[in-house]
Asks: 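Structure below; questions to follow.
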2 protein chains.
Amino acid sequence: MPQPSAPRKTLGRPPRISREEVVTTARRIVDAEGVDRLTMRRLATEIGSTPMALYHHVRNKEELLVLLLDDYAARTLHRPELPAQPRERVVVAAAAIHEALAACPWIVEVLTADDLMSTSALWFVEQIVDGLVGCGLTPERAVHGYRTIWYYTAGEIVVRTTAARRRTDDDRPTYRERVFADLDPSEFPRLAQLAAHWAPLTAENTYLDGLRALVEGLLAAG
Amino acid sequence: MPQPSAPRKTLGRPPRISREEVVTTARRIVDAEGVDRLTMRRLATEIGSTPMALYHHVRNKEELLVLLLDDYAARTLHRPELPAQPRERVVVAAAAIHEALAACPWIVEVLTADDLMSTSALWFVEQIVDGLVGCGLTPERAVHGYRTIWYYTAGEIVVRTTAARRRTDDDRPTYRERVFADLDPSEFPRLAQLAAHWAPLTAENTYLDGLRALVEGLLAAG
DNA sequence: GTTACTTTCTTTACATGTATAAAAACTCGC
DNA sequence: GCGAGTTTTTATACATGTAAAGAAAGTAAC
(Lines give C-alpha, C1' and ligand atoms only; values in the text may rest on other atoms or scores of the structure.)
Protein backbone atom coordinates (compact mmCIF):
# COMPACT_ATOMS: atom_id res chain seq x y z
CA MET A 1 0.00 0.00 0.00
CA PRO A 2 1.43 3.36 -0.91
CA GLN A 3 0.79 4.73 2.55
CA PRO A 4 -2.31 6.88 2.00
CA SER A 5 -2.46 7.56 5.70
CA ALA A 6 0.64 9.72 5.56
CA PRO A 7 0.46 12.33 2.76
CA ARG A 8 3.94 13.18 3.94
CA LYS A 9 4.97 16.43 2.52
CA THR A 10 8.60 16.70 1.64
CA LEU A 11 10.98 17.74 4.32
CA GLY A 12 13.10 20.83 4.38
CA ARG A 13 12.89 24.17 2.69
CA PRO A 14 10.74 23.93 -0.42
CA PRO A 15 12.70 24.42 -3.64
CA ARG A 16 12.15 27.56 -5.66
CA ILE A 17 13.69 26.19 -8.82
CA SER A 18 13.77 22.74 -10.31
CA ARG A 19 16.31 20.79 -12.24
CA GLU A 20 14.00 20.89 -15.18
CA GLU A 21 13.79 24.65 -15.07
CA VAL A 22 17.55 24.81 -14.96
CA VAL A 23 17.90 22.62 -18.01
CA THR A 24 15.17 24.34 -19.95
CA THR A 25 16.59 27.77 -19.32
CA ALA A 26 20.05 26.57 -20.19
CA ARG A 27 18.73 25.22 -23.42
CA ARG A 28 17.14 28.55 -24.26
CA ILE A 29 20.42 30.34 -23.70
CA VAL A 30 22.38 27.86 -25.77
CA ASP A 31 19.88 27.91 -28.60
CA ALA A 32 19.77 31.66 -28.66
CA GLU A 33 23.37 32.65 -28.10
CA GLY A 34 25.55 29.59 -28.28
CA VAL A 35 27.14 27.44 -25.67
CA ASP A 36 29.86 29.97 -24.92
CA ARG A 37 27.32 32.28 -23.41
CA LEU A 38 26.09 29.67 -21.00
CA THR A 39 27.66 30.48 -17.68
CA MET A 40 26.42 29.53 -14.29
CA ARG A 41 25.97 33.17 -13.34
CA ARG A 42 24.11 34.02 -16.48
CA LEU A 43 21.89 31.01 -16.03
CA ALA A 44 21.24 31.93 -12.43
CA THR A 45 20.16 35.48 -13.14
CA GLU A 46 18.07 34.33 -16.08
CA ILE A 47 16.31 31.99 -13.73
CA GLY A 48 16.05 34.56 -10.97
CA SER A 49 18.32 32.81 -8.54
CA THR A 50 21.94 32.69 -7.49
CA PRO A 51 24.75 30.71 -9.09
CA MET A 52 25.26 28.38 -6.18
CA ALA A 53 21.59 27.53 -6.00
CA LEU A 54 21.96 25.74 -9.29
CA TYR A 55 24.35 23.34 -7.69
CA HIS A 56 21.55 21.78 -5.75
CA HIS A 57 19.91 20.64 -8.93
CA VAL A 58 22.93 19.90 -11.04
CA ARG A 59 26.19 18.43 -9.85
CA ASN A 60 28.32 20.81 -11.86
CA LYS A 61 28.44 22.44 -15.23
CA GLU A 62 29.50 19.29 -16.96
CA GLU A 63 26.48 17.42 -15.74
CA LEU A 64 24.35 20.27 -16.94
CA LEU A 65 25.83 19.85 -20.39
CA VAL A 66 25.17 16.14 -20.29
CA LEU A 67 21.56 16.87 -19.43
CA LEU A 68 21.39 19.32 -22.30
CA LEU A 69 22.69 16.67 -24.63
CA ASP A 70 20.10 14.24 -23.34
CA ASP A 71 17.42 16.80 -23.85
CA TYR A 72 18.66 17.49 -27.33
CA ALA A 73 18.81 13.81 -28.18
CA ALA A 74 15.32 13.25 -26.86
CA ARG A 75 13.98 15.97 -29.12
CA THR A 76 15.87 15.29 -32.32
CA LEU A 77 16.94 11.68 -32.33
CA HIS A 78 13.92 10.09 -33.90
CA ARG A 79 13.92 6.45 -34.72
CA PRO A 80 14.28 6.04 -38.43
CA GLU A 81 13.14 3.18 -40.58
CA LEU A 82 15.93 0.69 -40.34
CA PRO A 83 16.78 -1.79 -43.07
CA ALA A 84 15.85 -5.37 -42.41
CA GLN A 85 19.28 -6.68 -43.24
CA PRO A 86 21.19 -6.67 -39.94
CA ARG A 87 24.42 -5.41 -41.38
CA GLU A 88 22.82 -2.40 -42.97
CA ARG A 89 20.86 -1.86 -39.81
CA VAL A 90 24.09 -1.43 -37.92
CA VAL A 91 25.41 1.06 -40.44
CA VAL A 92 22.24 3.11 -40.61
CA ALA A 93 21.77 3.20 -36.85
CA ALA A 94 25.34 4.32 -36.26
CA ALA A 95 25.10 6.89 -39.01
CA ALA A 96 21.92 8.27 -37.49
CA ILE A 97 23.61 8.81 -34.16
CA HIS A 98 26.55 10.37 -35.90
CA GLU A 99 24.41 12.73 -37.88
CA ALA A 100 22.50 13.92 -34.86
CA LEU A 101 25.65 14.53 -32.86
CA ALA A 102 27.54 16.17 -35.67
CA ALA A 103 24.75 18.70 -36.03
CA CYS A 104 25.22 19.71 -32.44
CA PRO A 105 28.91 20.36 -32.12
CA TRP A 106 28.89 22.12 -28.78
CA ILE A 107 28.60 18.85 -26.94
CA VAL A 108 32.16 17.91 -27.65
CA GLU A 109 33.15 18.36 -24.05
CA VAL A 110 30.40 15.95 -23.12
CA LEU A 111 30.82 13.47 -25.89
CA THR A 112 33.85 12.11 -24.21
CA ALA A 113 31.53 10.59 -21.68
CA ASP A 114 31.78 6.89 -21.23
CA ASP A 115 29.34 5.57 -23.75
CA LEU A 116 26.61 7.38 -25.39
CA MET A 117 24.12 6.34 -22.82
CA SER A 118 21.48 8.92 -23.17
CA THR A 119 18.16 7.19 -22.78
CA SER A 120 17.06 8.29 -26.20
CA ALA A 121 20.13 6.77 -27.78
CA LEU A 122 19.53 3.44 -26.14
CA TRP A 123 17.33 2.26 -28.95
CA PHE A 124 20.13 2.82 -31.42
CA VAL A 125 22.58 0.97 -29.26
CA GLU A 126 20.12 -1.90 -29.07
CA GLN A 127 19.80 -1.89 -32.85
CA ILE A 128 23.54 -1.91 -33.37
CA VAL A 129 24.20 -4.69 -30.91
CA ASP A 130 21.28 -6.71 -32.19
CA GLY A 131 22.34 -6.14 -35.76
CA LEU A 132 25.82 -7.39 -35.03
CA VAL A 133 24.42 -10.46 -33.33
CA GLY A 134 22.18 -10.93 -36.33
CA CYS A 135 25.29 -11.04 -38.47
CA GLY A 136 26.64 -13.91 -36.50
CA LEU A 137 28.69 -12.32 -33.76
CA THR A 138 28.44 -13.58 -30.24
CA PRO A 139 26.79 -11.12 -27.87
CA GLU A 140 30.15 -10.40 -26.29
CA ARG A 141 31.77 -9.61 -29.59
CA ALA A 142 28.76 -7.55 -30.50
CA VAL A 143 29.29 -5.35 -27.46
CA HIS A 144 32.91 -4.94 -28.34
CA GLY A 145 31.88 -4.16 -31.88
CA TYR A 146 29.47 -1.54 -30.68
CA ARG A 147 32.14 0.08 -28.61
CA THR A 148 34.57 0.06 -31.49
CA ILE A 149 31.97 1.83 -33.59
CA TRP A 150 31.39 4.28 -30.79
CA TYR A 151 35.10 5.06 -30.45
CA TYR A 152 35.29 5.74 -34.13
CA THR A 153 32.17 7.86 -34.12
CA ALA A 154 33.04 9.89 -31.07
CA GLY A 155 36.60 10.33 -32.27
CA GLU A 156 35.50 11.57 -35.63
CA ILE A 157 33.22 14.18 -34.12
CA VAL A 158 35.59 15.31 -31.44
CA VAL A 159 38.57 15.63 -33.73
CA ARG A 160 36.66 17.32 -36.50
CA THR A 161 34.80 19.84 -34.40
CA THR A 162 37.72 20.90 -32.27
CA ALA A 163 39.79 21.27 -35.41
CA ALA A 164 37.07 23.44 -36.88
CA ARG A 165 36.81 25.45 -33.70
CA ARG A 166 40.53 26.04 -33.63
CA ARG A 167 40.42 27.25 -37.18
CA THR A 168 37.79 29.85 -36.46
CA ASP A 169 39.30 31.52 -33.44
CA ASP A 170 42.74 31.61 -34.94
CA ASP A 171 43.96 32.19 -38.44
CA ARG A 172 47.64 31.74 -37.93
CA PRO A 173 49.13 28.86 -39.89
CA THR A 174 48.23 25.52 -38.41
CA TYR A 175 50.73 23.37 -36.70
CA ARG A 176 50.07 20.90 -39.47
CA GLU A 177 50.82 23.43 -42.14
CA ARG A 178 54.13 24.25 -40.55
CA VAL A 179 55.00 20.57 -40.25
CA PHE A 180 54.19 19.94 -43.87
CA ALA A 181 56.08 23.01 -44.93
CA ASP A 182 59.47 21.75 -43.79
CA LEU A 183 59.11 18.09 -44.56
CA ASP A 184 62.08 16.11 -45.73
CA PRO A 185 60.87 14.35 -48.90
CA SER A 186 63.59 11.76 -48.71
CA GLU A 187 62.56 10.70 -45.25
CA PHE A 188 58.81 11.03 -45.73
CA PRO A 189 58.15 10.39 -49.40
CA ARG A 190 54.47 9.62 -49.09
CA LEU A 191 53.68 12.61 -46.96
CA ALA A 192 55.73 14.89 -49.15
CA GLN A 193 53.95 13.57 -52.20
CA LEU A 194 50.59 14.14 -50.55
CA ALA A 195 51.37 17.40 -48.80
CA ALA A 196 49.43 19.58 -51.19
CA HIS A 197 46.41 17.30 -51.11
CA TRP A 198 46.35 16.71 -47.39
CA ALA A 199 44.15 19.60 -46.39
CA PRO A 200 41.44 19.03 -49.00
CA LEU A 201 41.53 15.29 -48.39
CA THR A 202 41.05 15.66 -44.67
CA ALA A 203 38.30 18.16 -45.25
CA GLU A 204 36.24 15.51 -46.98
CA ASN A 205 33.61 13.82 -44.94
CA THR A 206 34.35 10.14 -45.10
CA TYR A 207 32.61 9.05 -41.96
CA LEU A 208 30.28 6.73 -43.77
CA ASP A 209 33.04 5.05 -45.75
CA GLY A 210 35.01 4.49 -42.59
CA LEU A 211 31.98 3.17 -40.82
CA ARG A 212 31.23 0.68 -43.58
CA ALA A 213 34.81 -0.48 -43.59
CA LEU A 214 34.75 -0.86 -39.85
CA VAL A 215 31.54 -2.86 -39.84
CA GLU A 216 32.80 -5.05 -42.62
CA GLY A 217 35.98 -5.73 -40.72
CA LEU A 218 34.13 -6.46 -37.51
CA LEU A 219 31.95 -9.00 -39.23
CA ALA A 220 34.82 -10.64 -41.05
CA ALA A 221 36.64 -11.07 -37.77
CA GLY A 222 33.69 -12.58 -36.00
CA MET B 1 75.91 34.97 -47.58
CA PRO B 2 74.77 34.88 -43.98
CA GLN B 3 75.71 38.53 -43.49
CA PRO B 4 78.80 38.21 -41.30
CA SER B 5 79.30 41.94 -41.52
CA ALA B 6 76.25 42.61 -39.39
CA PRO B 7 76.26 40.56 -36.20
CA ARG B 8 72.86 42.16 -35.69
CA LYS B 9 71.79 41.62 -32.20
CA THR B 10 68.13 41.06 -31.75
CA LEU B 11 65.92 44.01 -31.26
CA GLY B 12 63.93 44.89 -28.21
CA ARG B 13 64.18 43.93 -24.61
CA PRO B 14 66.20 40.73 -24.24
CA PRO B 15 64.14 37.82 -23.01
CA ARG B 16 64.77 36.49 -19.53
CA ILE B 17 63.02 33.20 -20.16
CA SER B 18 62.74 31.03 -23.20
CA ARG B 19 60.02 28.88 -24.63
CA GLU B 20 62.19 25.92 -23.99
CA GLU B 21 62.59 26.79 -20.35
CA VAL B 22 58.84 27.13 -20.07
CA VAL B 23 58.25 23.72 -21.58
CA THR B 24 60.97 22.04 -19.56
CA THR B 25 59.73 23.46 -16.30
CA ALA B 26 56.18 22.54 -17.17
CA ARG B 27 57.29 19.03 -17.85
CA ARG B 28 58.99 18.83 -14.50
CA ILE B 29 55.83 19.92 -12.73
CA VAL B 30 53.66 17.51 -14.66
CA ASP B 31 56.03 14.62 -14.10
CA ALA B 32 56.32 15.33 -10.42
CA GLU B 33 52.80 16.29 -9.44
CA GLY B 34 50.48 15.61 -12.32
CA VAL B 35 48.90 17.78 -14.91
CA ASP B 36 46.35 19.19 -12.50
CA ARG B 37 49.06 21.00 -10.64
CA LEU B 38 50.29 22.72 -13.75
CA THR B 39 48.91 26.24 -13.60
CA MET B 40 50.25 29.28 -15.31
CA ARG B 41 50.91 30.94 -11.96
CA ARG B 42 52.67 27.96 -10.53
CA LEU B 43 54.76 27.63 -13.64
CA ALA B 44 55.63 31.30 -13.52
CA THR B 45 56.82 31.30 -9.94
CA GLU B 46 58.71 28.08 -10.52
CA ILE B 47 60.47 29.78 -13.36
CA GLY B 48 61.00 32.99 -11.45
CA SER B 49 58.75 35.11 -13.57
CA THR B 50 55.18 36.30 -13.78
CA PRO B 51 52.21 34.50 -15.30
CA MET B 52 51.74 36.89 -18.15
CA ALA B 53 55.36 36.68 -19.16
CA LEU B 54 54.74 33.10 -20.21
CA TYR B 55 52.32 34.28 -22.81
CA HIS B 56 55.12 35.69 -24.86
CA HIS B 57 56.57 32.26 -25.34
CA VAL B 58 53.42 30.24 -25.53
CA ARG B 59 50.17 31.29 -27.11
CA ASN B 60 48.06 29.93 -24.29
CA LYS B 61 47.85 27.01 -21.97
CA GLU B 62 46.56 24.70 -24.64
CA GLU B 63 49.55 25.34 -26.83
CA LEU B 64 51.75 24.65 -23.86
CA LEU B 65 50.09 21.27 -23.48
CA VAL B 66 50.59 20.55 -27.16
CA LEU B 67 54.26 21.35 -26.76
CA LEU B 68 54.40 19.06 -23.76
CA LEU B 69 52.88 16.29 -25.81
CA ASP B 70 55.40 16.89 -28.56
CA ASP B 71 58.17 16.79 -26.06
CA TYR B 72 56.81 13.60 -24.60
CA ALA B 73 56.45 12.02 -28.01
CA ALA B 74 59.96 13.00 -28.98
CA ARG B 75 61.32 11.30 -25.91
CA THR B 76 59.27 8.13 -25.80
CA LEU B 77 58.02 7.43 -29.29
CA HIS B 78 60.88 5.41 -30.66
CA ARG B 79 60.65 3.86 -34.04
CA PRO B 80 60.11 0.14 -33.64
CA GLU B 81 61.01 -2.60 -36.03
CA LEU B 82 58.10 -2.76 -38.37
CA PRO B 83 57.00 -5.91 -40.19
CA ALA B 84 57.75 -6.05 -43.87
CA GLN B 85 54.23 -6.97 -44.81
CA PRO B 86 52.46 -3.65 -45.42
CA ARG B 87 49.24 -4.60 -43.75
CA GLU B 88 50.94 -5.63 -40.53
CA ARG B 89 53.07 -2.53 -40.76
CA VAL B 90 49.94 -0.43 -40.60
CA VAL B 91 48.66 -2.29 -37.59
CA VAL B 92 51.92 -2.20 -35.69
CA ALA B 93 52.55 1.47 -36.40
CA ALA B 94 49.08 2.47 -35.27
CA ALA B 95 49.34 0.31 -32.20
CA ALA B 96 52.65 1.92 -31.31
CA ILE B 97 51.13 5.37 -31.41
CA HIS B 98 48.21 4.17 -29.38
CA GLU B 99 50.39 2.60 -26.79
CA ALA B 100 52.48 5.71 -26.33
CA LEU B 101 49.46 7.95 -26.03
CA ALA B 102 47.54 5.66 -23.74
CA ALA B 103 50.44 5.71 -21.32
CA CYS B 104 50.18 9.45 -21.07
CA PRO B 105 46.54 10.08 -20.36
CA TRP B 106 46.78 13.72 -19.38
CA ILE B 107 47.01 14.80 -22.97
CA VAL B 108 43.37 14.10 -23.59
CA GLU B 109 42.59 17.76 -23.84
CA VAL B 110 45.23 18.03 -26.52
CA LEU B 111 44.57 14.82 -28.33
CA THR B 112 41.55 16.32 -29.89
CA ALA B 113 43.86 18.36 -32.00
CA ASP B 114 43.44 18.03 -35.70
CA ASP B 115 45.70 15.15 -36.54
CA LEU B 116 48.46 13.79 -34.53
CA MET B 117 50.98 15.95 -36.21
CA SER B 118 53.74 16.03 -33.74
CA THR B 119 56.98 15.87 -35.64
CA SER B 120 57.98 12.70 -33.91
CA ALA B 121 54.77 11.00 -34.92
CA LEU B 122 55.27 11.87 -38.55
CA TRP B 123 57.26 8.76 -39.20
CA PHE B 124 54.39 6.62 -38.01
CA VAL B 125 51.95 8.46 -40.17
CA GLU B 126 54.25 7.91 -43.11
CA GLN B 127 54.39 4.21 -42.32
CA ILE B 128 50.66 3.90 -42.06
CA VAL B 129 49.96 5.75 -45.28
CA ASP B 130 52.71 3.92 -47.09
CA GLY B 131 51.53 0.61 -45.75
CA LEU B 132 48.02 1.24 -46.97
CA VAL B 133 49.32 2.18 -50.39
CA GLY B 134 51.40 -0.95 -50.30
CA CYS B 135 48.20 -2.91 -49.82
CA GLY B 136 46.78 -1.53 -53.00
CA LEU B 137 44.94 1.59 -51.91
CA THR B 138 45.27 4.76 -53.91
CA PRO B 139 47.16 7.50 -52.09
CA GLU B 140 43.91 9.37 -51.58
CA ARG B 141 42.19 6.40 -50.02
CA ALA B 142 45.27 5.79 -47.94
CA VAL B 143 44.99 9.24 -46.43
CA HIS B 144 41.35 8.65 -45.69
CA GLY B 145 42.28 5.33 -44.23
CA TYR B 146 44.89 6.91 -42.01
CA ARG B 147 42.38 9.42 -40.77
CA THR B 148 39.85 6.73 -40.05
CA ILE B 149 42.43 4.92 -38.01
CA TRP B 150 43.26 8.13 -36.23
CA TYR B 151 39.63 8.83 -35.37
CA TYR B 152 39.31 5.39 -33.92
CA THR B 153 42.55 5.68 -31.98
CA ALA B 154 41.91 9.14 -30.63
CA GLY B 155 38.33 8.26 -29.78
CA GLU B 156 39.36 5.18 -27.90
CA ILE B 157 41.84 7.07 -25.78
CA VAL B 158 39.65 10.05 -25.14
CA VAL B 159 36.60 8.05 -24.22
CA ARG B 160 38.48 5.61 -22.05
CA THR B 161 40.57 8.08 -20.12
CA THR B 162 37.79 10.53 -19.42
CA ALA B 163 35.63 7.66 -18.29
CA ALA B 164 38.40 6.54 -15.98
CA ARG B 165 38.89 10.06 -14.69
CA ARG B 166 35.22 10.43 -13.97
CA ARG B 167 35.25 7.22 -12.04
CA THR B 168 38.05 8.32 -9.76
CA ASP B 169 36.75 11.70 -8.71
CA ASP B 170 33.27 10.44 -8.15
CA ASP B 171 31.92 7.21 -6.79
CA ARG B 172 28.24 7.82 -7.19
CA PRO B 173 26.50 5.37 -9.51
CA THR B 174 27.29 6.07 -13.13
CA TYR B 175 24.76 7.42 -15.49
CA ARG B 176 25.16 4.17 -17.33
CA GLU B 177 24.43 2.13 -14.27
CA ARG B 178 21.23 4.05 -13.66
CA VAL B 179 20.20 3.62 -17.27
CA PHE B 180 20.80 -0.09 -17.15
CA ALA B 181 19.00 -0.38 -13.85
CA ASP B 182 15.63 0.66 -15.20
CA LEU B 183 15.77 -0.89 -18.61
CA ASP B 184 12.64 -2.30 -20.16
CA PRO B 185 13.63 -5.81 -21.26
CA SER B 186 10.77 -6.04 -23.71
CA GLU B 187 11.91 -2.94 -25.54
CA PHE B 188 15.64 -3.55 -25.28
CA PRO B 189 16.10 -7.30 -25.13
CA ARG B 190 19.75 -7.35 -26.13
CA LEU B 191 20.79 -4.68 -23.69
CA ALA B 192 18.77 -6.23 -20.92
CA GLN B 193 20.35 -9.58 -21.63
CA LEU B 194 23.80 -8.04 -21.56
CA ALA B 195 23.28 -5.60 -18.71
CA ALA B 196 25.22 -7.58 -16.17
CA HIS B 197 28.11 -8.15 -18.53
CA TRP B 198 28.28 -4.65 -19.92
CA ALA B 199 30.69 -3.18 -17.41
CA PRO B 200 33.26 -5.99 -17.52
CA LEU B 201 32.98 -6.17 -21.28
CA THR B 202 33.64 -2.50 -21.73
CA ALA B 203 36.49 -2.68 -19.30
CA GLU B 204 38.34 -5.06 -21.60
CA ASN B 205 40.95 -3.55 -23.80
CA THR B 206 40.01 -4.45 -27.33
CA TYR B 207 41.83 -1.70 -29.14
CA LEU B 208 43.95 -4.07 -31.13
CA ASP B 209 41.02 -6.21 -32.22
CA GLY B 210 39.15 -3.16 -33.35
CA LEU B 211 42.20 -1.87 -35.15
CA ARG B 212 42.68 -5.10 -37.02
CA ALA B 213 39.05 -5.19 -38.00
CA LEU B 214 39.24 -1.62 -39.18
CA VAL B 215 42.34 -2.20 -41.27
CA GLU B 216 40.85 -5.32 -42.77
CA GLY B 217 37.72 -3.44 -43.69
CA LEU B 218 39.66 -0.55 -45.17
CA LEU B 219 41.64 -2.87 -47.39
CA ALA B 220 38.60 -4.84 -48.46
CA ALA B 221 36.92 -1.63 -49.51
CA GLY B 222 39.87 -0.40 -51.51
C1' DG C 1 4.85 27.31 20.73
C1' DT C 2 9.71 25.35 21.03
C1' DT C 3 13.25 22.48 19.63
C1' DA C 4 15.46 19.43 16.43
C1' DC C 5 16.23 18.20 11.93
C1' DT C 6 16.30 18.63 6.83
C1' DT C 7 16.65 20.71 2.54
C1' DT C 8 17.37 24.77 -0.31
C1' DC C 9 19.23 29.12 -1.04
C1' DT C 10 22.59 33.10 -0.31
C1' DT C 11 26.98 35.12 0.72
C1' DT C 12 31.51 35.29 0.50
C1' DA C 13 35.79 33.79 -1.14
C1' DC C 14 39.24 31.58 -3.95
C1' DA C 15 41.85 29.59 -7.93
C1' DT C 16 42.41 29.85 -12.63
C1' DG C 17 43.19 31.51 -17.54
C1' DT C 18 44.01 35.50 -19.78
C1' DA C 19 42.98 40.57 -21.63
C1' DT C 20 44.87 45.12 -21.34
C1' DA C 21 47.87 48.73 -20.41
C1' DA C 22 51.94 50.32 -18.94
C1' DA C 23 56.77 49.90 -17.76
C1' DA C 24 61.44 48.19 -18.78
C1' DA C 25 65.31 47.05 -21.53
C1' DC C 26 67.32 46.85 -25.46
C1' DT C 27 69.05 48.51 -30.84
C1' DC C 28 69.37 51.81 -34.37
C1' DG C 29 69.78 56.16 -36.88
C1' DC C 30 71.24 60.37 -35.95
C1' DG D 1 73.67 60.92 -25.96
C1' DC D 2 68.82 61.12 -27.61
C1' DG D 3 64.46 59.93 -29.54
C1' DA D 4 62.05 56.31 -32.06
C1' DG D 5 60.95 51.76 -32.47
C1' DT D 6 60.75 46.93 -30.81
C1' DT D 7 60.31 43.26 -27.76
C1' DT D 8 59.75 41.37 -23.18
C1' DT D 9 58.12 41.77 -18.63
C1' DT D 10 55.04 43.42 -14.97
C1' DA D 11 50.76 45.05 -12.77
C1' DT D 12 46.13 45.15 -12.63
C1' DA D 13 41.72 43.47 -13.60
C1' DC D 14 38.02 40.48 -15.01
C1' DA D 15 35.13 36.33 -15.98
C1' DT D 16 34.42 31.86 -14.69
C1' DG D 17 33.53 27.47 -11.96
C1' DT D 18 32.78 26.18 -7.53
C1' DA D 19 34.07 25.33 -2.36
C1' DA D 20 32.58 26.57 2.39
C1' DA D 21 29.72 28.43 5.79
C1' DG D 22 25.66 29.78 7.29
C1' DA D 23 20.93 31.72 6.78
C1' DA D 24 16.13 30.65 5.48
C1' DA D 25 12.07 27.94 5.22
C1' DG D 26 9.85 24.23 5.86
C1' DT D 27 8.18 19.45 8.74
C1' DA D 28 7.98 16.42 12.93
C1' DA D 29 8.00 15.42 17.83
C1' DC D 30 6.90 17.19 22.00
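Keep in mind it's a predicted model, so treat the numbers as computed, not measured.
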Asks: For B:E204, give me all partners under side-chain hydrogen bond (donor to acceptor under 3.5 Å, both in side chains), at least two apart in sequence or on another chain.
Replies: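 B:E204: side-chain hydrogen bond (donor to acceptor under 3.5 Å, both in side chains) contacts with A:H144.
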Asks: Please enumerate all residues that pass side chain to side chain contact (heavy atoms under 4.5 Å, CB included) together with A:R16, with sequence neighbours excluded.
Replies: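 For A:R16, the residues satisfying side chain to side chain contact (heavy atoms under 4.5 Å, CB included) (neighbours in sequence not counted) are A:R13.
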Asks: Does B:Y152 have any ring pair (Phe, Tyr, Trp, His ring centres under 6.0 Å) partners at least two apart in sequence or in another chain, and if so, which?
Replies: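 Partners of B:Y152 by the ring pair (Phe, Tyr, Trp, His ring centres under 6.0 Å) criterion, ordered by chain and then number, come out as B:Y207.
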Asks: Mind checking side chain to side chain contact (heavy atoms under 4.5 Å, CB included) for A:A73 and listing every partner two or more places apart, or none if nothing turns up?
Replies: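 For A:A73 the side chain to side chain contact (heavy atoms under 4.5 Å, CB included) partners, ignoring immediate neighbours, are A:L77, A:S118, A:S120.
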Asks: Per the end-axis method with five pairs at each terminus, what is the bend angle of the helix from C:dG1-D:dC30 to C:dC30-D:dG1, to 10°?
Replies: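 That helix gives 20° between its end axes.
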Asks: Does B:H57 have any side-chain hydrogen bond (donor to acceptor under 3.5 Å, both in side chains) partners at least two apart in sequence or in another chain, and if so, which?
Replies: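 Listed in chain order: nothing, the list is empty.
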Asks: Are B:R147 and A:E156 ion-paired here, with the side-chain N under 4.0 Å from a carboxylate O?
Replies: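 Judged by the 4.0 Å cut-off on N to carboxylate O distance, B:R147 and A:E156 do not form a salt bridge.
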Asks: Quick one: which protein N/O atoms are closer than 3.5 Å to N/O atoms of nucleotides 1-5 of chain C? Pair and distance per line, please.
Replies:
none

Asks: Under 4.0 Å from OP1 or OP2 of C:dT10: is there any side-chain N or O of A:H56 that close?
Replies: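 Answer is no, no contact under 4.0 Å.
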Asks: Residues two or more places apart in sequence or in another chain: which of them pass side-chain hydrogen bond (donor to acceptor under 3.5 Å, both in side chains) with A:E33?
Replies: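 Counting only residues at least two positions away or on another chain, A:E33 forms a side-chain hydrogen bond (donor to acceptor under 3.5 Å, both in side chains) with A:R42.
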Asks: Looking only at the aromatic ring of each residue, does the gap between the centers of A:W123 and B:F188 stay below 6.0 angstrom?
Replies: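 Here the rings of A:W123 and B:F188 have centres that are no less than 6.0 Å from each other.
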Asks: Check the interface with nucleotides 15-18 of chain C: list each N/O to N/O pair with the protein under 3.5 Å, or write none.
Replies:
unit_1	atom_1	unit_2	atom_2	d
C:dG17	OP1	B:K61	NZ	2.5
C:dG17	OP2	B:M40	N	2.8
C:dG17	N7	B:R41	NH2	2.5
C:dG17	O6	B:R41	NH2	2.7
C:dT18	OP2	B:Y55	OH	2.9
C:dT18	OP2	B:K61	N	3.0

Asks: Side chain to side chain contact (heavy atoms under 4.5 Å, CB included) with B:R41: which residues, sequence neighbours excluded?
Replies: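 If we apply the side chain to side chain contact (heavy atoms under 4.5 Å, CB included) test to B:R41, skipping adjacent residues, the hits are B:T39, B:P51.
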Asks: Is A:T10 near enough to D:dG26 that one of its side-chain N or O atoms lies under 4.0 angstrom from OP1 or OP2?
Replies: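 For D:dG26, OP1/OP2 do not have a side-chain N/O of A:T10 under 4.0 Å.
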Asks: Return the residues of residues 12-27 of chain A meeting this criterion: a heavy atom under 4.0 Å from some atom of DNA chain D. Order them by number, or give none.
Replies: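 The answer is A:G12, A:R13, A:P14.
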Asks: Mark yes when over 12 heavy atoms from residues, nucleotides or ligands other than B:E99 sit less than 6.0 Å from its CD; otherwise mark no.
Replies: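 No.
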Asks: Around atom CD of A:E20, are there more than 12 heavy atoms of other residues, nucleotides or ligands at under 6.0 Å?
Replies: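 No.
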Asks: Decide yes or no for A:I17 and A:L54: does some side-chain heavy atom of the first lie under 4.5 Å from some side-chain heavy atom of the second?
Replies: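 Result yes, sub-4.5 Å side-chain heavy-atom pair found.
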Asks: So, using side-chain hydrogen bond (donor to acceptor under 3.5 Å, both in side chains) as the criterion, who are the partners of B:E187 when residues are at least two apart?
Replies: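 Partners of B:E187 by the side-chain hydrogen bond (donor to acceptor under 3.5 Å, both in side chains) criterion, ordered by chain and then number, come out as A:R79.
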